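Reading through the structure tokens given below for one structure.
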Number of protein chains: 2
Amino acid sequence: MIEYTKCSSNNECVEIIKNAVRNKELTIIFGKCTVDYQGRAASKLTEGERFVIIKQDGAIIIHRPIGYSPVNWQPSTSVIEVVERDDRVVLTAIRNKPREIVWVYFSEIYGIIHGKLVDQGEFVMYMDEHEIRDILYENPELIEKGLRIIEKEKPIGNGYADLFGIDKNNVPVIIEIKRISASRDAVLQLFNYVKIYENKTGVKPRGILVAPNFTSSAIESIHKLGLEYKEINLQLLWKYKKAREIRHGTLLEFLAKKK
Amino acid sequence: MIEYTKCSSNNECVEIIKNAVRNKELTIIFGKCTVDYQGRAASKLTEGERFVIIKQDGAIIIHRPIGYSPVNWQPSTSVIEVVERDDRVVLTAIRNKPREIVWVYFSEIYGIIHGKLVDQGEFVMYMDEHEIRDILYENPELIEKGLRIIEKEKPIGNGYADLFGIDKNNVPVIIEIKRISASRDAVLQLFNYVKIYENKTGVKPRGILVAPNFTSSAIESIHKLGLEYKEINLQLLWKYKKAREIRHGTLLEFLAKKK
DNA sequence: GCCTAGGTCCCGTTT
DNA sequence: AAACGGGGCCTAGGC
């Protein structure tokens, strides 16, 4: 399933890597290398010990021994080439759109892992902005009493307002949601939608920024630009979600029993 | 330097991983697992074959067999715990600020890589925004004739304008630079600085967005908000940089000879 | 194809 | 410690 090889020669390494890549196996190469990159920007990395991951779809990730972030990479590339040149194993990864190339020059390869991994697992993310938006869509009273939500992801200009509704006085309300902390750029995003809406319809809407917390300059900007903000509690939202699920659950059970 | 072990029992796996982590070795575990995450958001990943990287500083990266992005992770964590529980090897990674926990439950471990990598290499990035800003700082004529740059990274409000200068008519100019493509949010960023500057000084500055290209809605917004834009050519900038380096080089040689 | 916006973004920098 | 902005950001979703 997963094999580890300590190669005795560059030639052997090249063959193993080539085969693994051709068979779309996960491949990880451990060794001493330099790395060059050229594309949207350009970079050079002088010699050191690293590992290079080649994923089953051709994505390439080069990691140094510390840190979360890879030092160089290539998302799922069209062409991966492995050759020996000047006593080095050279790995070249090319993608177009944007046109970018990564070169890895191994002066030494300590070992190669390769093999096929099978992963049909399902990944579910909870409490991302999408989910928060849906909960607020279902429970607009969490934002303001008497608010009716009309539309999710309403196109305004070239962008999208997270929520669009009408308040108890029939004034349109544009709502921008941030999942964690709202900073000045979120205010500007909201302001932009408010302005475009006003320009297009001639009606001045309210703009409400909704988030669990706000930077001080965000609140400052909100006041200056004539906007509003509403603090929400994520745990409370979570409870609303759970309550709804239970209602749904009960309904499903009810229907099942009926049948 | 790098060792690969196929463990025969969970107990052996736990010992190997514990030791490797304690010795701050790079560790990669290949196996079948489920993953839970809870923190700023939350996620669940059902069973499948993956590999878990534990870096020498405690960063943890969990990769599925395809794709550039890890499915779960933990940047350099404070606490990593490995135990056997219910016939599974359980890896827990905890960090505070923000408080986040990742749990990996291995039902099967195929193999473990571990060892110390030494990497003193130097990484240099070229043509990032910083470098482009410096070239424009030295060559303001690339933006506009008669423009004098006064300041890089000028603090305006709580943020920073990339460049700040004075045009040939002594009107202040705020410049926002984008390295690749400027979109509407770059326009809003610039607009924000222009507004704050105007509010603070009572003088209305010009705002120029500088980039190699612009989205259509960026240009639309620029016009609506009374701002300006200037297209630059990165290759031309590169030539200017090279020319300057040669001048510096010559100067250095000159000084060396003098001495 | 472009464009918009989110991300457990991460990361460096500055206050 | 908070805040701000860049990133080769990547990735998903719309048009």
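All values derive from a computational prediction rather than experimental measurement. Just so we're on the same page: letters track the sequence lines, and every chain starts at 1.
- Ring planes of A:Phe164 and A:Tyr197: tilted class, angle from 30 to 60°.
- Among the atoms of the strands shown, only primed sugar atoms or phosphate atoms (P, OP1, OP2) are found under 4.0 Å from some heavy atom of A:Tyr68.
- In the set D:dG14, C:dT8, D:dG5, the nucleotide with an atom closest to the side chain of B:Ala41 is C:dT8.
- Each of D:dA3, D:dC15, C:dT8 was ranked by its minimum atom distance to the side chain of A:Phe123; first place goes to C:dT8.
- For C:dG1, the paired base is D:dC15 (Watson-Crick or G-U wobble, both distances below 3.5 Å).
- The side chain of A:Ile180 has C:dT8 as its nearest neighbour among C:dT8, D:dG8, C:dT15.
- A:Asp128 comes within 4.0 angstrom of sugar-phosphate atoms only, judged by non-hydrogen atoms across all strands, and of no base.
- Side-chain proximity of B:Trp73 to the nucleotides C:dG6, D:dG6, C:dC10 is greatest for C:dC10.
- Annotation: B:Glu129, atom CD; neighbour count of heavy atoms from other residues, nucleotides and ligands within 6.0 Å is above 12.
- Comparing B:Tyr193 and A:Glu100 by the nucleotide of DNA chain D whose heavy atom lies nearest to each, the residue mapping closer to the 5' end is B:Tyr193.
- When distances run from any side-chain atom of A:Pro75 to the nucleotides D:dT11, C:dC10, C:dT8, the shortest one goes to D:dT11.
- Across all strands, B:Glu153 comes closer than 4.0 Å to no nucleic acid atom at all (heavy-atom distances).
- In this pair, A:Phe51 and A:His63 present their aromatic rings parallel. The plane angle is below 30°, not in the 30 to 60° band.
- Nearest-nucleotide positions on DNA chain D for A:Thr215 and A:Ser76 put A:Thr215 closer to the 5' end.
- Closest to the side chain of B:Glu129, out of D:dC9, D:dG6, C:dT15, is D:dG6.
- The A:Gln74 side chain lies nearest to D:dG8 when the options are C:dC10, D:dC10, D:dG8.
- In the displayed structure, B:Lys24 atom NZ is contacted under 6.0 Å by at most 12 heavy atoms of other residues, nucleotides or ligands.
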